[in-house]
Amino acid sequence: MAHRIAVVALDHFAPLDLGVPGQVFWSAESPDGEKLYDVVTCSPGRRPVRCSAGYSVLPDHDLDVLDTADTVLVPGIHAGSPLKDGVIGDDLREALHGRPRIMSICTGAFVLAAAGLLDGRPATTHWRDASRFASLFPQVKLDPDVLFIDDGDVLTSAGVAAGLDLSLHVIRRDHGSEVANRVARRCVMPPWREGGQAQYIERPLPRANGTSTAATRAWMLSRLQASLDLDALAGHAKMSVRTFTRRFREETGMSPAKWLTRQRVEHARHLLESTDLGVEEIARRAGFSTSVSLRQHLHAAVGVAPLAYRHTFRG
């Protein structure tokens, strides 16, 4: 039986966010063409809901359909009491509680937080709304730098296109990399994006030619196995260490060391998913000094050990 995803459409919904589940999850099929997800859409009282793009939608269901759902998904909204005051109606609050798995895209996290579902838990939302979110919901462990957060039965994503990243991640988690990669190809999108939303935050960037660290980042990616210290990186960029570090952070939202570790973890994840290499060899190829170091960094990033990660995504 297909896994049912119930999408909760609210007034002021973000159009792309509402469309993502029906497109991405609908594209997930077994090798024999069987649909793996059944996506339905609802609204409180099955009322029409309107977006800022000048149209309304009339969902087929009311909130009672959440009782049949394996996953509940709340798209982002552009206005309304969750964003303004951090509150939602009692009917919606009660309907969201007790679900096996619940997700949000973009500012849908405001709805989950207003329902009390994110208290004491890590979560993310669109970087432009992070300050407002933090002031309304100080009890939530907000991380505005990542594309999405998987906290088991509660998952949140950053803005707009990050909902695509989260949806693919859920498909990979549910059915493995092969299915997720097929969906990515069908939707003409990358199977995963490196880094977090910090790289998209508006910052004053250097405009003069030759001041970008992009070439050095590409060089780093080609030498993940090597020992790369700040002196070597700054030397490649033909900058002082201080200037290189400052410009690197301006362009990526993180320090060179943190960015490099993240790329090494992503490469190790790719090798775990796509090869039969042992953990020691994967650690070496990804640039970690030992398998212990790889285990520590992978656990910090995704919460599991290498072999458990491989088992999840390769069966």
**Asked** Checking Arg310 side chain against Thr275 main chain: does a donor-acceptor pair fall under 3.5 Å?
**Response** yes

**Message:** For Asp70, give me all partners under side-chain contact (heavy atoms from CB on, under 4.5 Å), at least two apart in sequence or on another chain.
**Reply:** His3, Arg4

**Fill in**
dist Met254:CE -> Asp145:CG (nearest 0.5 Å) comes out at 7.0 Å

**Message:** Please find the pair of heavy atoms, one from Ala28 and one from Val179, that lie closest to each other, and give the distance.
**Reply:** CB-CG1, 4.4 Å

Please list every donor-acceptor pair under 3.5 Å in which a side-chain atom of residues 230-240 meets a protein atom from a residue at least two apart or in another chain.
unit_1	atom_1	unit_2	atom_2	d
His236	ND1	Thr216	OG1	3.0
Ser240	OG	Thr243	N	3.1
Ser240	OG	Thr243	OG1	3.0

**Item:** Nearest-0.5 Å distance, OG of residue Ser56 to CG of residue Leu58
**Value:** 9.5 Å

**Message:** My understanding is that only residues two or more places apart in sequence, or in another chain, count here; which of them pass side chain to side chain donor-acceptor pair (under 3.5 Å) with Thr290?
**Reply:** none

**Fill in**
Rounded to the nearest 0.5 Å, the CG atom of Leu166 sits from the CE atom of Met103 at a distance of 4.0 Å

**Item:** ring pair (Phe, Tyr, Trp, His ring centres under 6.0 Å) contacts touching residues 55-86 (sequence neighbours left out)
**Value:** none

**Single-linkage hydrophobic cluster, 4.5 Å side-chain cutoff, Val40 and Phe25 together** = no

**Prompt:** Does Thr125 reach the main-chain N or O of Cys106 with its side chain, forming a donor-acceptor pair under 3.5 Å?
**Reply:** yes

**Request:** Return each pair, listed once, that meets salt bridge (Lys or Arg N to Asp or Glu O under 4.0 Å) where at least one residue sits in residues 278-298; pairs must be two or more places apart or across chains.
**Result:** Glu281-Arg284, Glu281-Arg285

**Item:** Cluster overlap Ile5 with Phe13, hydrophobic side-chain contacts below 4.5 Å
**Value:** yes

**Request:** Check side chain to side chain donor-acceptor pair (under 3.5 Å) between Ser43 and all other residues, then give those that pass, not counting sequence neighbours.
**Result:** none

**Request:** Please name all residues satisfying side-chain contact (heavy atoms from CB on, under 4.5 Å) with Arg186, sequence neighbours left out, ordered by chain then number.
**Result:** Trp26, Ser27, Glu29, Lys35

**Item:** ring pair (Phe, Tyr, Trp, His ring centres under 6.0 Å) partners of Phe288, counting only residues at least two apart
**Value:** His297

**Request:** Give a yes or no on whether the backbone of Trp219 and the side-chain of Ser222 come within a donor-acceptor separation of less than 3.5 Å.
**Result:** yes

**Request:** To the nearest 0.5 Å, tell me how far Thr156 OG1 sits from Ile105 CD1.
**Result:** 11.0 Å

**Message:** Within this structure, what is the OH-OG1 distance for the pair Tyr37 and Thr71, rounded to the nearest 0.5 Å?
**Reply:** 7.5 Å

**Item:** For the student: nearest non-hydrogen atoms of Glu273 and Ser177, plus distance
**Value:** OE1-OG, 2.6 Å

**Request:** May I ask you to decide if Ile77's main-chain N or O and Thr107's side chain share a donor-acceptor pair within less than 3.5 Å?
**Result:** yes

**Asked** Which atom pair, heavy atoms only, marks the closest approach of Val72 to Leu96?
**Response** CG1-CD2, 4.1 Å

**Message:** Working note: Ser52 + His12, criterion side chain to side chain contact (heavy atoms under 4.5 Å, CB included); need CA distance, chi angles, decisive distance, verdict.
**Reply:** CA-CA 6 Å; Ser52 58; His12 315 291; over 6 Å; no

**Request:** State plainly whether one hydrophobic cluster holds both Leu147 and Val154, where clusters connect Ile, Leu, Val, Met, Phe, Trp and Tyr through side-chain heavy atoms under 4.5 angstrom apart.
**Result:** no

**Message:** I need the minimum non-hydrogen distance between Ile88 and Ala114, along with the two atoms involved.
**Reply:** CG2-CB, 3.8 Å

**Request:** Evaluate the side-chain proximity of Glu250 to Arg246: yes if any heavy-atom separation is below 4.5 Å, no if none is.
**Result:** yes

**Message:** Show every salt bridge (Lys or Arg N to Asp or Glu O under 4.0 Å) that has at least one partner inside residues 39-57, sequence neighbours left out.
**Reply:** none

**Asked** Does a side-chain N-to-carboxylate-O contact under 4.0 Å join Glu178 and Arg182?
**Response** yes

**Asked** Looking only at heavy atoms, which two atoms of Val140 and Ala113 are closest? And how far apart?
**Response** CG2-CB, 4.4 Å

**Item:** Partners passing side chain to side chain donor-acceptor pair (under 3.5 Å) against Arg217 (at least two apart in sequence or in another chain)
**Value:** Thr213, Glu251

**Asked** So, Ser81 side chain and Val87 main chain: donor-acceptor pair closer than 3.5 Å or not?
**Response** yes

**Message:** Any side-chain to backbone donor/acceptor pair from His97 onto Ala115? Under 3.5 Å, distance only.
**Reply:** yes

**Message:** Is it the case that the side chain of Arg264 and the backbone of Leu224 share a donor-acceptor pair, with hydrogens and angles ignored and the cut-off at 3.5 Å?
**Reply:** yes

**Prompt:** Under 3.5 Å, is there a donor-acceptor pair between the side chain of Arg121 and the main chain of Asp151?
**Reply:** yes

**Request:** Group every Ile, Leu, Val, Met, Phe, Trp and Tyr by side-chain heavy-atom contacts under 4.5 Å, then state whether Leu73 and Leu168 land in the same group.
**Result:** yes

**Message:** According to salt bridge (Lys or Arg N to Asp or Glu O under 4.0 Å), does anything in residues 95-111 pair up with another residue at least two apart or in another chain? List the pairs.
**Reply:** Asp67-Arg99, Arg101-Asp174

**Message:** Can you tell whether the side chains of Arg269 and Glu266 come within less than 4.0 Å, N to carboxylate O?
**Reply:** yes

**Transitive ILVMFWY side-chain link Leu36 to Val7, under 4.5 Å** = yes

**Reported OG1-to-CG distance for the pair Thr41 and Leu18, which is rounded to 0.5 angstrom** = 6.0 Å

**Fill in**
ring pair (Phe, Tyr, Trp, His ring centres under 6.0 Å) filter on Phe248, not counting sequence neighbours, yields Phe244, Trp259

**Request:** Give the minimum heavy-atom separation between Leu83 and Ala79, together with the two atoms involved.
**Result:** CD1-N, 3.4 Å

